[in-house]
2 protein chains.
Amino acid sequence: MSSPPLAAARRATITDVAREAGTGKTSISRYLNGEMSVLSPELRARIEAAIERLDYQPNQMARGLKRGRNRLIGMLLADLTNPYTVEVLQGVEAACHALGLMPLICHAANEVEMERRYLQLLTTYRVEGVIVNALGVREETLRPVGGGGIPAVLVDRSVDGLVADMVGLDNRAAAELGTRHLLENGFDDIWFVVQPFEQVSSRQLREAAFREVMSREGHESRISGKGEGGTNLGKGEGSNGGARGHTLVLNLAEPAAVERALAELDRAIDAAGDPGGAMARAMATGSAARNTLDDATSNSADDATGNAAADAARKASANATGKARRIALFAANAPVALCLALHLKARYGADWQARVALLSIDDPEWAELTGVTTIRQPTYEIGYRAVEFLHERIEGIQTTARDCLLPGELIVRASTSR
Amino acid sequence: MSSPPLAAARRATITDVAREAGTGKTSISRYLNGEMSVLSPELRARIEAAIERLDYQPNQMARGLKRGRNRLIGMLLADLTNPYTVEVLQGVEAACHALGLMPLICHAANEVEMERRYLQLLTTYRVEGVIVNALGVREETLRPVGGGGIPAVLVDRSVDGLVADMVGLDNRAAAELGTRHLLENGFDDIWFVVQPFEQVSSRQLREAAFREVMSREGHESRISGKGEGGTNLGKGEGSNGGARGHTLVLNLAEPAAVERALAELDRAIDAAGDPGGAMARAMATGSAARNTLDDATSNSADDATGNAAADAARKASANATGKARRIALFAANAPVALCLALHLKARYGADWQARVALLSIDDPEWAELTGVTTIRQPTYEIGYRAVEFLHERIEGIQTTARDCLLPGELIVRASTSR
DNA sequence: CTGTTAGCGCCTTCAG
DNA sequence: CTGAAGGCGCTAACAG
């Protein structure tokens with residue numbers, strides 16, 4: 001009986017409520033803002049009733065316009081496809097919830113142009129602050145943010161021109177943790193695989209730390225996969241510390257580059273030999289590689305079932321100089337790890353882990369399923385802290401830019417454990 | 001030289017620009033709204049300059065307040081952890097982008113209370129519409145939406161009290177596609193595993209379709225896992241069509257319930273026998289089950305390496321009545337599939353797929369890696385269409401509530417292919 | 001305790 | 001072509 005008409009009736013305004021309650025707008029406003037002590041119980045009751053009757057809900061836009069703060073913060077995400085991002089988001093949401101903030105989530109989906117537009121949008125909506133997980137950002141694009149503009153805090157990576165709080169993984173420590181683990185478990189060749197890192201501070205730090213640890217421990221290391229050929233492999237066999245380090249750049253945005261880099265990797269793996277006899281086993285059980293990714297290195301004319309596998313096996317046995325070298329891949333993050341795993345599975349069959357070990361920063365849901373060793377980031381806390389920082393800035397704190405580096409946790413799984 | 005002061009200066013308003021340009025606010029407003037034909041080139045140039053000089057950006061809140069529309073739409077998500085959700089989101093973003101809408105993303109994180117609060121928040125921000133991927137919603141909680149309230153379109157599932165457009169997977173067809181595939185590939189026992197489906201229409205439809213196809217094909221089927229015991233298994237062996245269907249409810253929100261359900265599944269699997277000799281192989285290679293999930297059914301005192309596996313193998317051989325039955329699991333969505341896969345891997349070792357086949361609706365990134373067969377939803381399109389529908393509603397279209405059912409695509413992988 | 005009076009930043013008649 | 005005036009829904013001094 002009291003249900004409103006079906007046509008989308010205009011929402012009630014504060015004026016309507018005032019009229020309905022037989023009072024002025026001010027009292028309604030006071031009620032809305034919880035200034036109960038200043039309202040006679042009688043008036044208060046009338047207001048309550050009126051609000052109920054009209055199903056009134058205050059217009060946040062108008063409130064914001066008036067008081068100059070709208071409790072909105074922007075959350076700019078580089079890539080929601082990355083589980084890391086979703087996890088951080090959970091922390092952000094929890095913190096916002098606790099602090100009475102409302103996050104506007106903007107997903108740049110790996111496009112710089114989107115990033116620019118969203119940033120622009122956020123400022124025109126007058127959010128009180130932004131927390132930014134930026135992709136390659138030139139200072140230019142986020143001029144409105146940070147320093148002289150609206151408060152900002154960076155997540156996972158810093159941006160060159162911009163001074164602002166930042167919270168993320170302790171990349172140096174994490175990379176060292178992983179490298180040490182691989183070294184201690186006796187791997188002979190360690191490939192650090194990472195996306196192009198010129199633009200992204202966290203990748204830079206991880207790569208640099210990897211290289212530093214390797215050399216500090218007396219192992220040699222070099223970079224490849226950046227230019228065209230990547231043929232600077234196979235030289236300088238005379239390593240001193242035993243293990244060899246190698247950085248491989250994997251540009252996931254460019255299929256051709258990915259293919260080239262993976263081909264280089266394959267050559268190295270084939271050259272290393274087949275310690276566990278994985279190839280033979282894989283081919284015997286019939287669960288061998290179906291070569292789904294175009295693989296430039298395999299052009300043999302074997303039967304369709306396992307040509308890549310057969311090819312690899314041949315090379316391996318031909319190459320066997322005696323004892324095989326144990327090889328491990330250290331992925332700089334989950335997307336890289338996934339790409340590697342998919343490729344390896346396609347090339348070496350379901351049993352690929354017997355041949356190559358995989359360790360990854362980030363701990364995606366499939367890691368446990370696959371038995372891949374990982375370094376889990378404290379994602380939830382990263383998100384939570386970011387909002388706390390931002391909140392302090394919004395409240396006017398004037399500290400100099402802070403960095404919050406949280407430690408990662410090594411989760412050892414079958415892939416690297418003996 | 002022209003960089004603004006470091007202190008966060010108050011943003012310029014339309015009044016500032018008018019003064020700076022030596023004109024009235026009206027002309028600025030006209031410029032902002034692209035009414036160029038009504039401005040003398042000279043004035044227009046002055047305005048342009050003033051805007052540039054002041055780095056002016058119109059306040060969207062104020063605009064919205066005035067004209068009554070703010071180009072904001074709400075996007076209420078049940079669970080961002082589910083890859084399905086992220087994929088749909090991509091479509092939504094693309095469509096919003098194309099239509100000049102800005103989605104406010106709200107993540108309920110599987111909590112009904114959050115859902116209620118966000119819905120409330122969205123309406124107080126006067127979004128022009130909402131697209132809702134609801135979790136268990138009582139009509140009550142979204143009273144402000146649909147029918148008499150703000151335009152809404154449902155994604156993936158419908159809500160009982162609410163009449164609104166809805167777009168999602170053609171669940172009947174998808175479930176039939178999967179079931180048929182399993183039947184045709186000669187599986188003897190098919191378990192349809194699904195989260196509690198009373199509240200969620202899509203789950204209901206999938207389950208019902210599964211059961212219907214089974215019986216239409218002349219196979220029997222029954223439900224279990226809903227109550228306490230779930231001991232209604234093992235009766236009525238006399239099936240007519242050969243294959244047996246079974247629905248298992250897996251309440252992921254309750255660990256105890258999960259454990260019980262999985263235990264029932266284990267019993268069935270053990271009873272079915274070991275067609276491929278998977279157990280023996282797994283134990284031999286040393287990659288056998290490390291029992292990470294607490295498994296209530298395994299309490300043998302074997303060595304720590306493979307107690308569950310050994311236990312299972314013993315039961316299996318003891319149970320072998322001659323020819324083993326081939327068993328397949330049909331997961332109603334990705335979260336269920338992941339839970340099953342993790343459990344099976346823990347119990348039967350890395351080679352678990354030789355023993356049980358897994359087919360899942362949804363196509364998460366780990367499916368390809370694991371070789372699990374899936375039915376991929378047209379997620380991107382679902383999101384895109386949802387926004388299109390909503391946009392039409394916002395523009396005032398008056399059609400009766402529409403349903404858009406998109407087909408799923410079967411992706412056959414090793415798990416079920418012979 | 002309560003109502004009146006100004007705006008917040010912008011858009012929209014309506015006269016110049 | 002251009003500008004002045006009024007108001008969107010709400011809050012914040014000021015008086016009563």
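Residue numbering restarts at 1 for every chain, and letters A, B, ... go by the order of the sequence lines.
- If you take CD1 of A:Ile14 and P of C:dG3, they are 12 Å apart, rounded to a whole angstrom.
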Q: Give the intermediate values and the outcome of side-chain hydrogen bond (donor to acceptor under 3.5 Å, both in side chains) for residues A:Tyr31 and A:Glu48.
A: CA-CA 9 Å; A:Tyr31 177 88; A:Glu48 219 144 43; 2.7 Å; yes
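- Of the residues near DNA chain C, A:Ala62 and A:Val38, the one whose nearest nucleotide (by heavy atom distance) lies more toward the 5' end is A:Val38.
- If you check residues 16-27 of chain A against DNA chain D, the residues with a heavy atom closer than 4.0 Å are A:Lys25, A:Thr26, listed by number.
- Minimum interatomic distance between B:Ala152 and B:Ala164 (heavy atoms only, all atoms of both residues): O-CB, 3.6 Å.
- A salt bridge is absent between B:Arg46 and B:Glu52; no separation between the charged side-chain nitrogens and carboxylate oxygens falls under 4.0 Å.
- Electrostatic pairing of B:Glu128 and B:Arg393 does not count as a salt bridge here, judged by no charged N lying under 4.0 Å from a carboxylate O.
- Comparing D:dA12, D:dC1, C:dT2 by their closest approach to the side chain of A:Arg67 singles out D:dA12.
- At a threshold of 4.0 Å, the pair B:Asp16-B:Arg11 does not count as salt-bridged, since none of the basic side-chain nitrogens sits closer than that to a carboxylate oxygen.
- A:Asn59 has no side-chain polar atom (N or O) that falls below the 4.0 Å cut-off from OP1 or OP2 of D:dC8.
- If you take CG of A:Asn33 and C1' of D:dG9, they are 13 Å apart, rounded to a whole angstrom.
- Taking the ring centre of A:Phe389 as origin, the terminal cationic atom of A:Arg402 falls inside the region bounded by 6.0 Å and 45° from the ring axis.
- For the pair B:Arg117 and B:Glu113, the salt-bridge criterion is not met [side-chain N within less than 4.0 Å of a carboxylate O].
- Annotation: D:dG6 and C:dT5 have their C1' atoms spaced 16 Å apart (nearest Å).
- A sub-4.0 Å separation between OP1 or OP2 of D:dC10 and a side-chain N or O of A:Arg63 is absent.
- B:Ser29 comes within 4.0 angstrom of a base, heavy atoms only.
- Residue contacts for A:Thr124: at a heavy-atom cut-off of 4.0 Å it reaches no nucleic acid atom on any strand shown.
- For the pair B:Asn70 CG and C:dG9 P, the computed distance is 18 Å after rounding to whole Å.
- In this structure, A:Arg30 places its CZ atom 11 Å from P of C:dC1, rounding to the nearest Å.
- The distance from atom OH of B:Tyr56 to atom C1' of C:dG9 is 7 Å, rounded to the nearest whole Å.
- Note: CD (B:Gln57) to C1' (C:dG9) measures 14 Å, nearest angstrom.
- Each of B:Lys66 and B:Pro41 was matched to the nucleotide of DNA chain D holding its nearest heavy atom; the match closer to the 5' end belongs to B:Pro41.
- Atom CD1 in B:Ile28 sits about 11 Å away from atom P in C:dC11, given to the nearest Å.
- Rounding to whole angstrom units, CE of residue B:Met36 and P of D:dT2 are separated by 13 Å.
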